[in-house]
Amino acid sequence: MELREAVEIIGRIRRNISEVVVGKEDVVDLLLAALLGNGHVLLEDVPGTGKTLLAKALAKSLGGEFKRIQFTPDLLPSDLSGINFYNQKTGEFEFRSGPVFTHVLLADEINRATPRTQSSLLECMEERQVTIDGVTHTLAAPFFVMATQNPVDQQGTFPLPEAQLDRFLMRIAMGYPTSDEGVAILRRFKERQPLTELRPAASAAEVAEAQRFAQFVRVEEDLLAYIVAITEATRKHPEVKLGASPRASMSLLRASQGFALQHGREYVTPDDIKAVAAPVLAHRLLLRHGLRGADQPGAEVVRQALEQVEVPAETVLAAKGRQGD
């Protein structure tokens, strides 16, 4: 695959999503960066802001298989992974696969399931496999999990533990639409349902190939050091009890590669890293207590870390010079 082909694939997916979702270009940018980075996304915001709609629009834009799970307190791990059941006709056990055997999985209201059920996704998300009764089953490629949760309504919910949050490449907030976007939403959905009319814009094989291409997006040595310096700065922050881990550094690398690729570049710039830093790192930080005057304390810590760490000055010019050679 060449750069032009990868950018074309992502462009088709982006245009398809825009047929349903009004505005939210920055959110879509992050979502596609996570997809190219071969990660998973946690969409977190108050009800009615379009989390599930965006997830469904992306899922329908991809030509692969799509499954949705409505998480509830009585959901069991086997309801996700599948079970071995005894077939009385054949006298043998047969494997019945669960909804995780798909390309795109929507885990709706993930924090309404018990920690036991939430933890059943750990192996799936990290290793792309499921182990049932000692037998390991490989999941399809690509395998992309989009989970949603409402941070306001805490009644009957189970907060995601740090190990589960760490499996999400990004946590993204939708936010309310502007006044003009609100009018456009009403106009678009007044007489039809665009989501039902949406058709795939790219095959699962094309997306998997674009993900492989993203791994080879060039990142200069000084930018690798820049990524590590940002994560180390979060660990040294006085209000942080547990800072960003080496896995967080790797996630920041993958996300910045995906962000650069969808913008038509084969190299990462400092601005790419800055653009994805808060969505990648903020939910991984464990704070001693909330920062004064900060609506999102984790994001504020990342912002301060970005201000403290010196930005490599010559990387962009050097990368552009090689690109033109």
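Heavy atoms only: backbone and side chains are in, while hydrogens, waters and symmetry mates are out. Residues: numbered from 1 along the sequence shown.
Taking the centre and axis of the six-membered ring of Phe168, the NZ or CZ atom of Arg171 falls outside the cone set by 45° and 6.0 Å.
For the residue pair Arg68/Gln70, the side-chain donor-acceptor check at 3.5 Å is satisfied. Inspection of the Gln304 and Glu300 side chains reveals an N or O donor paired with an N or O acceptor under 3.5 Å. Gln215 and Gln257 share no side-chain donor-acceptor pair at under 3.5 Å. Side chains of Gln164 and Ser119: no donor on one and acceptor on the other come within 3.5 Å.
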(request) Begin with the C-alpha distance, continue with both residues' side-chain angles, and end with the deciding distance and a verdict on side-chain contact (heavy atoms from CB on, under 4.5 Å) for Met170 and Leu42. (result) CA-CA 6 Å; Met170 292 187 190; Leu42 177 63; over 6 Å; no

(request) Evaluate the side-chain hydrogen bond (donor to acceptor under 3.5 Å, both in side chains) criterion for residues Glu109 and Gln149: first the C-alpha distance (whole Å), next the side-chain angles of each, then the deciding distance (0.1 Å), finally the verdict. (result) CA-CA 5 Å; Glu109 295 187 290; Gln149 71 173 2; over 6 Å; no

(message) Could you go through Thr231 and Ser249, starting from their C-alpha distance and side-chain angles, then the distance that decides it, and tell me whether this counts as side-chain hydrogen bond (donor to acceptor under 3.5 Å, both in side chains)?
(response) CA-CA 6 Å; Thr231 57; Ser249 299; 3.1 Å; yes

(message) Before you tell me yes or no, could you show the steps for Thr72 and Asp74 under side-chain hydrogen bond (donor to acceptor under 3.5 Å, both in side chains), namely the whole-Å CA-CA distance, both residues' side-chain angles and the distance that decides it to 0.1 Å?
(response) CA-CA 6 Å; Thr72 56; Asp74 59 349; 2.6 Å; yes

(request) Just do the salt bridge (charged side-chain N to carboxylate O under 4.0 Å, His left out) check on Glu266 and Arg218 with the steps written out, would you? (result) CA-CA 6 Å; Glu266 287 184 285; Arg218 190 169 62 250; over 6 Å; no

(request) Check step by step if side-chain hydrogen bond (donor to acceptor under 3.5 Å, both in side chains) holds for Asp272 and Ser256. (result) CA-CA 5 Å; Asp272 297 325; Ser256 60; over 6 Å; no

(request) Start with the C-alpha gap between Glu19 and Arg15, add the side-chain angles, then the distance that decides, and say whether salt bridge (charged side-chain N to carboxylate O under 4.0 Å, His left out) holds. (result) CA-CA 7 Å; Glu19 294 292 324; Arg15 289 190 295 271; over 6 Å; no

(request) Apply salt bridge (charged side-chain N to carboxylate O under 4.0 Å, His left out) to Arg284 and Asp166, showing your working. (result) CA-CA 6 Å; Arg284 292 179 158 94; Asp166 199 38; 2.6 Å; yes

(request) Could you walk me through whether Arg14 and Asp29 pass salt bridge (charged side-chain N to carboxylate O under 4.0 Å, His left out), step by step? (result) CA-CA 8 Å; Arg14 183 193 303 278; Asp29 279 351; 2.5 Å; yes

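The backbone N or O of Gln129 lies less than 3.5 Å from no partner atom in the side chain of Thr138, so there is not a single donor-acceptor pair. Remark: the backbone N or O of Thr178 is paired with a side-chain donor or acceptor of Glu181 at under 3.5 angstrom.
Considering all non-hydrogen atoms of both residues, Leu261 and Val217 come closest at CB-CG2, 4.1 Å. The minimum heavy-atom distance linking Ile132 with Gly82 is given by the pair CD1-O, 3.9 Å. A pairwise comparison of heavy atoms in Ala305 and Ala233 identifies CB-CB, 3.8 Å as the closest pair. When all heavy atoms of Pro77 and Ser120 are compared, the pair lying nearest together is CB-CB, 3.8 Å. Nearest heavy atoms, Pro270 versus Pro312: CG-O, 4.0 Å. Listed here is the closest heavy atom pair of Ile172 and Leu31: CD1-N, 3.9 Å.
By the neighbour-count criterion of 12 heavy atoms within 6.0 Å, atom CD of Glu221 is sparsely surrounded, having that number or fewer from other residues, nucleotides or ligands. Within 6.0 Å of atom CZ in Arg247, more than 12 heavy atoms from other residues, nucleotides or ligands are found, so the atom counts as buried in its surroundings. Within a 6.0 Å sphere centred on CZ of Arg192, heavy atoms belonging to other residues, nucleotides or ligands number more than 12. Heavy-atom contacts from other residues, nucleotides or ligands closer than 6.0 Å to OH of Tyr176 number 12 or fewer. At most 12 heavy atoms of other shown residues, nucleotides or ligands fall within 6.0 angstrom of atom CD in Glu310.
Counting only residues at least two apart or on different chains, the ring-ring contact (aromatic ring centres under 6.0 Å, His included) pairs with a member in residues 9-58 are His40-Phe143.
Put simply, Leu281 and Val311 are part of the same group of oily side chains (I, L, V, M, F, W, Y) that touch within less than 4.5 Å, one to the next. Transitive grouping of hydrophobic side chains (ILVMFWY, heavy atoms separated by less than 4.5 Å) brings Leu3 and Val268 into a common cluster. The cluster map of Ile, Leu, Val, Met, Phe, Trp and Tyr, joined by side-chain heavy atoms under 4.5 Å apart, puts Val145 and Leu43 in different clusters. Under the 4.5 Å side-chain contact rule for hydrophobic residues, Leu76 and Phe71 do not share a cluster.
For the side chain to side chain contact (heavy atoms under 4.5 Å, CB included) criterion with Leu105, the lone passing option out of Glu65, Met146, Lys67 is Lys67.
At least one side-chain heavy atom of Val276 sits less than 4.5 Å from a side-chain heavy atom of Leu252. With contacts defined as side-chain heavy-atom distances shorter than 4.5 Å, the pair Leu223/Ile273 qualifies. Side-chain atoms of Leu106 and Phe144, non-hydrogen and from C-beta on, never get closer than 4.5 Å to each other.
Atom NE2 of residue His263 and atom OG1 of residue Thr269 lie 10.0 Å apart, to the nearest 0.5 angstrom.
Ring-plane geometry between His137 and Phe95 is classed as parallel, the angle between the planes falling under 30 degrees on a 0 to 90 degree scale with a further cut at 60.
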